[in-house]
Every structure is written in structure tokens, then in C-alpha cells.
Amino acid sequence: MITLYDWELSANCYKVRLLMSILGLDHHAVPVDFYPGWEHKSAEFAKINPLGHIPVIDDDGYVLRDSHAILVYLAARYDKSGRWYPVDDPEVLGETASWLLFAEGTTNTASAARLYVNLGYDFDIDAVRAGAHRLFGVLDEHLWFREREGLDWVTSSPHPTIADLALFPDVALSEEGGVSREDYPALRRWTDRFRQIDGFTVMPGIFAPSRAAPPG
Amino acid sequence: MTVMATAEAETQVCTDPVIRNQWHAVADLDEIRRGELRTLLLGEPLRCWIDSGGAARAAAGPDREIEVRTDYGYLWATLGKPSGGVFDVPETREHDRRTLNALTVGIEVSAPRAVENFLDMAHFPYVHAGVLGEEPHTEVAEYRVEERDGELWAFDCLFYQPRAAAASSQAVLAEYVYRVPHPYSAMLYKSSPTDASRMDAIGIFIHPLTATRIRAHLFISVLDDVSADREIRRFQQGVIAQDKPILENQHPKLLPLDPRAETPIRADRSAIVYRRWLSRLGVTYGVIPAAEGVRT
Ligand SMILES: N[C@@H](CCC(=O)N[C@@H](CS)C(=O)NCC(=O)O)C(=O)O
Ligand SMILES: [Fe+2]
């Protein structure tokens, strides 16, 4: 059984929950009182991850930190379809790695803006919002060209990869950080497609596809 | 830590005496124990810190020290002259309760909109599906709203809930009592899953940064000697995080007090009474006041 050190409101932890849900993997969550408890900075948690951040998984003694590393591991090990991280397709694999790096950028910008608004983290808010818009602009244009090629996802694979999955939470939660997606229609269409994936699951702040949020 | 600091262009300084004369929950005391907090209160710069003697202090504007209180784990500050102390929360004197701050979260909404949402049960099956409500159990039964000693109270609020609290093991018809002791803060009491004769207390204490952005402190005082702090927090955090996008998408951000301004989609008695109460108190900050002469 996979153990996930988890905080429900963390976008990085959500990435891991999302992939496990899509792959139909059972897991056991150990909630970490990230805020306001600051448990990830405790001496006890330092034994699990000396960097003091979550998510971390423990798969029968195999311990791994960093959401994108965890996605790589879980997909390579457990995705029988071999499509979420196609180890036999060098081109798609290269593109996947490239967009995973891009997703580190959205974490440092869009997600930072969300932490600033939600939890009072100290960031230069104008700078991180501007950074998020720059990246969203690049991603939107890229997805628009993909659509013209008849492709739905960030890589040239006809199937979504862990790169789409790694990008989805920061994009879908961006409004919480005051980063509007109004100007990115292709990006919005991609988030709608992503929500239709079998096994898709939500986190607080992200709604299921079928049920539009009611007013009030 | 800097929370929506002074560099932000939007200020909207508050001139409303009713709101200036309130105590506002501006910080979780643990938060300022970790370091000075620079933030806003009612559009003015605010600085909160713990001095070398261990006392919590606050200064507003360029450097005007203001009065503070420390109650229920929070720092309360005022820009005016409150007529008394912070409203009483008698549950905090019951020592078998677990009392803690579940979350402090920034929300781009006015304080009155957040309070109104907190009082509303009708959104449970949609926004908190599977937890605080579930379709097809969408009906809000008739309940009583009263004004008592200058506070609003709502009684007999019953709602079908699949998972009413962290300690719940089954769906229940939960009973709620709501209390609004402050224009920008509210509490609710709900049947405790562990002790049928008593109620869990949950509060939303709002730190108004400006007229349209807040920090919500989620206070909880529950009868639960089983769940760890982190589990109690986690449950409430999940709930408020589901409300956040709904709140941030409300337009206008200021709460309209004119009864004709928003056609209520459903019979929403507590909301109507709350809006009327704000009008009667003369609140003008965070709201769109009703036009002169309009009966609210
Ligand atoms: N690169 C890591 C970053 C993880 C990360 O920053 N996690 C946040 C929670 S979403 C955290 O634990 N932050 C605490 C810190 O880094 O101080 C990943 O993708 O997992
Ligand atoms: Fe809610």
C-alpha cells in the first residue's frame, strides 16, 4: 500500500492524489497539518523529508519526495497502459520532461500567488502574477496550435501525460491567486477536457465537470 | 509575514464609524508569535507583533498604536472606540472542548458576503456535496430567526448531512443554531456527533483588509477527544476551501442591502434578516447601502 504524506489544500499533493485516482491505486493518506500547524517543518517530519515539504510517498519502504518525481515513479510503475509516462516513446518523453519543468514555473508563479492570497506567504505579488500570465500565454498559444493539429494535450501524444496532470492544478486554481484565465481560451478548453478524464477527482477549490457551481 | 501589504494600490479606507468601532480579529496569536505581521485593516496599514514582554501589540496607519484584545486565540484590534470587549464565546470556558484555529485564509470578497454565506444552508448539497449535504436532500426546513440582546440568532435549522463533522461515522439530520454577534463575525452550533446533549461551535471571525478582501479565521471548539488537531482542522479546511471560489465569484463584491437589489433564488430568511440588521446598525463599509427612504 502506498502512503501519501498529504495536505488536502496543497496543489502538489493533489497532483499525486489525482494520478492515483486515475490509475485506480489505493493509498493511505497521512494528513500533515501544514497550516496553521506547520507540521512539515517539525523535527519529526524532517526525518521523512529534510527539505520540509510535501508530498512524500512511501511505497512499501520506497520513499520519494517531490510531486513530479512521484508522478514519474507511479506512472512508470503502475500505469499498465503506458500512456501517462510513455517510457518507450523518446519524443513524447522529452516533451513530457520539458512540460514538467514548465510546471515548476507555474508553481513558482501562479501557485505562489495563491499562497500569497490564501496564506499570507511573502512574495512579490505583482511579479508572480505577471510571471503566471507570461507562462499561461505561452501554454495557451501552444495548446491552440495543438488543437489545430487535432491534438488535445500538451505533448504530441494523443493521450494525456503526467505533464498535463502536473500543469492542471496550478492552472485550475489560478483564480484563487488573482490570476484570471479570461484571456486564455485554449487553456480553458484544455482544463475542461482534463476534467473529463476517467478517474478525475477534485480537491477543494476545483469542481467536478458535470455539476456547475450554483450561485450563492 | 506580509498579508496583502501596504504596497497594494487599492486601499478603500473605512470611514464607517460602526465598523471602525468594532473589535476585528486580525491574527491568529500563533501567527504573530512566529513573527511580525504586516497587513491591512479596513484599508489602513496594520502592523502586529509580540513585544519583548510577551504582550501582543498593534499599530495602524504610519505608526499609531491602537488598542488590542487577545481572546479565543486571536488578536483583536480596533481603529475606533468599541463600547465593550469582544463578544463573549462562553464555549471557550468549557474545558473539555478542543478549541483551535482551523485555518486563516485570504478571500477576495467583502466581509458581509462571507458572513451571509456562512449562514446559508441551501448551498450545502451543491458546494459541499457528500459532506455537509447531498442531493436530493436539498430542502431547508422552516426555521426561526430572532434578535436577542443585539445579536441575531437562528434556531431549529435542520439539514440532512452525510458527514457532519470530523468525528462523524454516518449521515445525520443535523441541527444547527446560528448566532451573529458582530456585523463581520458569526458562529454556528451544530449537534455534536460524540455527545448528543451538546453542540460543537464553529466561528468565522473576519479580518477585513479592505471593503472587498478579507482574511477569514475559522475558529472551532468541538467535543471530540478522538480526532487529532490535524484531522479536526482538515475537515474544516476542506469545507472553507470549497466555499472560497463561490465567494470570490459573487458580484458585486459588496453586499447590496437594498431588498430589491438581488432577487433571492431561494427563500433565504437568515440572509434577509442579516441584511436588514446591517442596515439598521447603519453599516456602510463592505455593503452597498440601501437608498435613503427604502425600507429594508
Ligand atoms: N518540488 C516539490 C515542492 C513541494 C512543495 O513546495 N510543497 C509545498 C506544499 S504544496 C510545501 O511543502 N511547502 C513547504 C516548503 O517548501 O516550505 C514538489 O513538487 O513536490
Ligand atoms: Fe459553504
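By convention in this document, chain letters (A, B, ...) are assigned in the order of the sequence lines, proteins followed by strands, and residues within each chain are numbered from 1.
Using a 4.5 Å cut-off on side-chain heavy atoms (C-beta onward), A:Pro36 and B:Arg233 make contact. At a threshold of 4.5 Å between non-hydrogen side-chain atoms, the residues B:Arg230 and A:Trp7 do not count as touching. Using a 4.5 Å heavy-atom threshold, the side chains of B:Glu248 and A:Glu176 count as touching. For the pair A:Val202/B:Gln242, no side-chain contact is recorded, criterion being any heavy-atom separation below 4.5 Å from C-beta on. Proximity of A:Leu9 to B:Leu103: side-chain heavy atoms (C-beta onward) are separated by under 4.5 Å at one or more points.
Summarising the local packing, CD of A:Glu147 is surrounded by more than 12 heavy atoms from other residues, nucleotides or ligands at distances under 6.0 Å. Other residues, nucleotides and ligands contribute at most 12 non-hydrogen atoms within 6.0 Å of the CG atom of A:Asp198. The environment of CZ in B:Arg33 is crowded: more than 12 heavy-atom neighbours from other residues, nucleotides or ligands sit within 6.0 Å.
Separating the CD atom in B:Glu231 from the CG atom in A:Asp33 is a distance of 10.0 Å, to the nearest 0.5 Å. Here the CZ atom belonging to B:Arg215 is positioned 11.5 Å from the CG atom belonging to A:Asn118, to the nearest 0.5 angstrom.
Residues forming a side-chain contact (heavy atoms from CB on, under 4.5 Å) with A:Leu115 (at least two apart in sequence, or on another chain): A:Leu119, A:Tyr121, A:Phe123.
For B:Arg234, the parts lying under 4.5 angstrom from a heavy atom of chain A are both the backbone and the side chain. Interface remark: B:Asp30 contributes no atoms to any contact with chain A (heavy atom separation under 4.5 Å). If you measure heavy-atom distances from B:Ala228 to chain A, you find no contacts under 4.5 Å at all. If you measure heavy-atom distances from A:Asp124 to chain B, you find no contacts under 4.5 Å at all.
Heavy-atom minimum distance, A:Gly205 versus B:Pro245: CA-CG, 3.9 Å. Residues B:Ile246 and A:Phe207 share a closest heavy-atom pair of CD1-CZ, 3.8 Å.
The most heavy-atom pairs under 4.5 Å with chain B, out of A:Met203, A:Glu8, A:Glu175, come from A:Glu8.
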